[in-house]
Amino acid sequence: MILIDGKKAAAELRAELKEEVAELKSKHNKVPGLTVILIGDLTPSQIYVRNKEKSANEVGLKSEVIKYPDSVEEKTVLEKIQELNSDETVSGILVQLPLPKHIDKQKVIEAIVPSKDVDGFHPMNVGNLSSGYESSIPCTPLGCYLLIKKIEPNLSGKKAVVVGRSNLNGKPMTQLLLKENCTVTITHSKTKDLKAECLEADIIVAAVGIPELVRGDWVKKDAIVIDVGINKTDNGIVGDVHFDEVSKNAKALTPVPGGVGPMTIACLLKNTIECFKRSQL
Ligand code: NAD
C-alpha cells in the first residue's frame with residue numbers, strides 16, 4: 001500500500017511556489033500578497049491563521065493578518081474587504097471561518113471580489129468551476145486532487161465516490177473529478193447504502209466528519225482513498241476512514257494527520273499566486 005505523504009507533497013509544492021514567487025518578483029518587481037482577516041479568539045482559527053502566515057512567508061509572499069475582536073460589527077468587516085479589494089498590493093483575501101453569529105457568512109464571502117477570492121467560495125468562482133472555466137478552487141479539494149494525480153495521472157473513466165456534499169469539500173471535489181473525466185457519485189447523509197457505493201469506487205474521497213466511517217470491507221482492492229476528515233476522539237485525531245482496516249485493501253491512502261491537511265495551506269499559497277498572475281495579464 002502506498003502511504004500518501006501529504007507533508008512531503010506539501011513541502012515539494014511550497015518549494016515550487018517559492019521558485020515561482022522569486023521569478024515573479026524579478027519579472028514584475030513585486031510579490032503576490034495574501035491578507036487574512038481573523039475575527040475572534042477561537043484557538044483552532046488562530047492556529048490555522050498562524051500556520052498560513054508562516055507558510056506564506058516561507059515561500060516569499062507578502063502576508064498580512066488583520067485581527068478583529070468577536071464583537072466587531074459586520075459593517076466594519078465589509079468596509080475593510082472593500083478597501084482590500086481595491087488595494088493593488090493585495091492579491092488574495094481570506095476571511096477565516098467560522099464567523100461570530102452576528103456576521104453573515106455569505107455576505108462576507110460575496111463581498112470579496114472574485115479575482116481575489118483565494119478560498120474559491122464566491123458564487124462566481126463556484127459557477128466557473130462547475131462550468132469548467134478558470135477559477136479559484138477551494139484549497140482542501142484542490143489539495144486532494146493534486147495528491148490523487150500524483151498516484152494516478154490519468155483519471156479518465158475511473159469511478160470516483162465522494163462521501164459528503166459540503167460546499168467546502170464534497171461539491172468542489174466532485175467538479176474536479178468530473179473535469180478529469182471520472183464517473184462521479186456524490187454521496188451524503190441520506191444515501192441508502194454507502195458501503196455498496198464505496199465498493200464500486202476506484203477513488204474514494206471521504207469528507208464527512210464522522211470518525212472512521214469508511215471501513216476496510218467498503219473498499220475495493222486497489223482503490224485510492226483520500227481522507228479529508230479531522231475528528232477529535234479520546235484516542236487522538238482520526239480521519240473519516242478506518243486507517244488500519246482500509247490500509248489492508250487500498251492501493252493508496254492518506255494518513256490523518258499528515259495527509260490532506262498540509263496540502264490545504266500549500267494550495268492557499270498556490271491560489272494566491274494564481275490570483276496575482278491573473279491580475280498581471
Ligand atoms: P460538513 O459538516 O459541512 O459536511 C459533511 C457532509 O457529510 C455533509 O454533506 C453530510 O451530508 C455528509 N454526511 C454526514 N453524515 C453522513 C453519513 N453517515 N454518510 C454519508 N455522508 C454523511 O463537513 P466539511 O466541512 O465538508 O468537513 C468534513 C470533514 O473534513 C470534517 O472532519 C472537517 O474537520 C474536515 N476538514 C478537513 C480539512 C483539511 O484541511 N484536512 C479542511 C476542511 C474540513
Side-chain angles (χ1 to χ4, degrees), residues 4-11 13-14 36 42-45 47-52 54-55 94-99 105-106 109 118-121 126 129 136-148 160-177 184-201 204-215 217-219 225-233 235-243 246 253-271:
I4 305 175
D5 187 343
K7 266 193 192 165
K8 184 163 168 257
L13 179 56
R14 285 198 305 273
V36 176
L42 272 182
T43 309
S45 294
I47 295 171
Y48 290 143
V49 169
R50 210 177 305 134
N51 289 338
K52 285 169 183 174
K54 195 173 141 237
S55 302
L94 179 150
V95 179
Q96 183 64 43
L97 302 178
L99 298 175
K105 180 175 95 176
Q106 201 54 27
I109 288 173
V118 277
D119 258 337
F121 294 162
V126 175
L129 177 62
S136 281
I137 299 166
C139 304
T140 301
L142 177 58
C144 296
Y145 166 80
L146 295 175
L147 291 176
I148 295 167
V161 170
V162 177
V163 190
R165 59 173 160 187
S166 69
N167 291 338
L168 185 70
N169 290 309
K171 285 182 195 159
M173 191 70 237
T174 301
Q175 297 299 346
L176 289 170
L177 292 165
V184 190
T185 302
I186 182 158
T187 63
H188 45 77
S189 56
K190 302 289 186 289
T191 296
K192 286 259 160 58
D193 189 347
L194 190 56
K195 176 180 173 182
E197 300 293 348
C198 287
L199 270 170
E200 295 285 315
I204 298 175
V205 180
V208 191
I210 299 180
E212 301 176 327
L213 175 74
V214 177
R215 306 302 299 245
D217 61 352
W218 292 25
V219 176
V225 182
I226 305 292
D227 189 351
V228 179
I230 303 176
N231 307 295
K232 259 193 193 160
T233 71
N235 301 321
I237 303 279
V238 300
D240 292 341
V241 174
H242 195 298
F243 185 87
V246 172
L253 171 63
T254 55
V256 176
V260 172
M263 283 300 278
T264 297
I265 294 188
C267 287
L268 169 67
L269 310 178
K270 183 175 167 56
N271 280 349

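Numbers for residues simply follow the sequence, beginning at 1. As the structure is a prediction and not an experimental result, all values here were calculated from the model. For ligands, and for the atoms within them, numbers begin at 1 and follow the listed sequence. These numbers come from the heavy atoms of this one structure, side chains and all, not from hydrogens, waters or symmetry mates.
- Using a 4.0 Å cutoff on heavy atoms, Gly261 counts as a contact of ligand 1.
- Contact annotation: for Leu194 versus ligand 1, heavy atoms closer than 4.0 Å belong to the side chain alone.
- Nearest heavy atoms, Lys195 versus Trp218: CG-CD1, 3.5 Å.
- By the 4.5 Å heavy-atom criterion applied to side chains, Val219 and Leu253 are not counted as neighbours.
- Side-chain atoms of Val246 and Arg215, non-hydrogen and from C-beta on, never get closer than 4.5 Å to each other.
- Under a 4.0 Å heavy-atom criterion, Thr187 is not in contact with ligand 1.
- Counting heavy atoms from C-beta outward, Thr191 and Glu197 have side chains that approach closer than 4.5 Å.
- Remark: Phe243 CZ is packed, more than 12 non-hydrogen atoms of other residues, nucleotides or ligands lying under 6.0 Å away.
- Here the heavy atom of the protein found nearest to atom 18 (N) of ligand 1 is Ile210 CD1, 3.6 Å.
- Of the possible donor and acceptor atoms, one in the side chain of Asp227 sits under 3.5 Å from a partner among the backbone N and O of Val241.
- For ligand 1, the polar-atom distance check against Arg165 finds a nitrogen or oxygen pair separated by under 3.5 Å.
- Counting the atoms of ligand 1 from 1 in the order shown, those under 4.0 Å from a heavy atom of Asn231 are 32 (O).
- Atom 32 (O) of ligand 1 has Ile230 N, 3.1 Å as its closest protein atom, hydrogens excluded (heavy atom only).
- For atom 12 (C) of ligand 1, the choice among Cys139, Gly164, Cys198 with the nearest heavy atom turns out to be Gly164.
- Distances below 4.0 Å separate heavy atoms of Val260 from the following atoms of ligand 1: 41 (N).
- With respect to atom 26 (O) of ligand 1, the closest heavy atom belonging to the protein is Ser166 OG, 2.6 Å.
- If you look at Thr191 next to ligand 1, there are no close heavy atoms at all, none under 4.0 Å.
- Taking CG from Asn231 and CG from Leu213, the interatomic distance works out to 9.5 Å, rounded to the nearest 0.5 Å.
- For ligand 1 and Thr264, the ligand atoms under 4.0 Å from any heavy atom of the residue are 39 (C), 40 (O).
- Those atoms of ligand 1 that come under 4.0 Å of a heavy atom in Val163, given as number and element, are 20 (C).
- For atom 44 (C) of ligand 1, the closest heavy atom belonging to the protein is Asn169 ND2, 3.5 Å.
- Of the protein's non-hydrogen atoms, the one nearest atom 35 (C) of ligand 1 is Val228 O, 3.5 Å.
- Closest to atom 5 (C) of ligand 1, if we only count protein heavy atoms, is Val208 O, 3.3 Å.
- Proximity of Ile4 to Met263: side-chain heavy atoms (C-beta onward) are nowhere separated by under 4.5 Å.
- The backbone N or O of Val228 lies less than 3.5 Å from no partner atom in the side chain of Asp240, so there is not a single donor-acceptor pair.
- Cys139 pairs in a side chain to side chain contact (heavy atoms under 4.5 Å, CB included) with only one of the listed residues (Leu94, Val118, Leu168, Leu268), which is Leu268.
- Residue Asn169 comes nearest to Ser166 through the heavy atom pair N-OG, 3.0 Å, listed as atom of the first residue, atom of the second, then distance.
- With a 4.0 Å cut-off on non-hydrogen atoms, Thr140 touches ligand 1 through its side chain and not its backbone.
- The shortest contact between atom 25 (O) of ligand 1 and any protein heavy atom is with Leu168 CD2, 3.4 Å.
- For atom 11 (O) of ligand 1, the closest non-hydrogen atom of the protein is Ser189 N, 3.2 Å.
- Distance SG/Cys267 to CG/Leu147: 8.0 Å, rounded to 0.5 Å.
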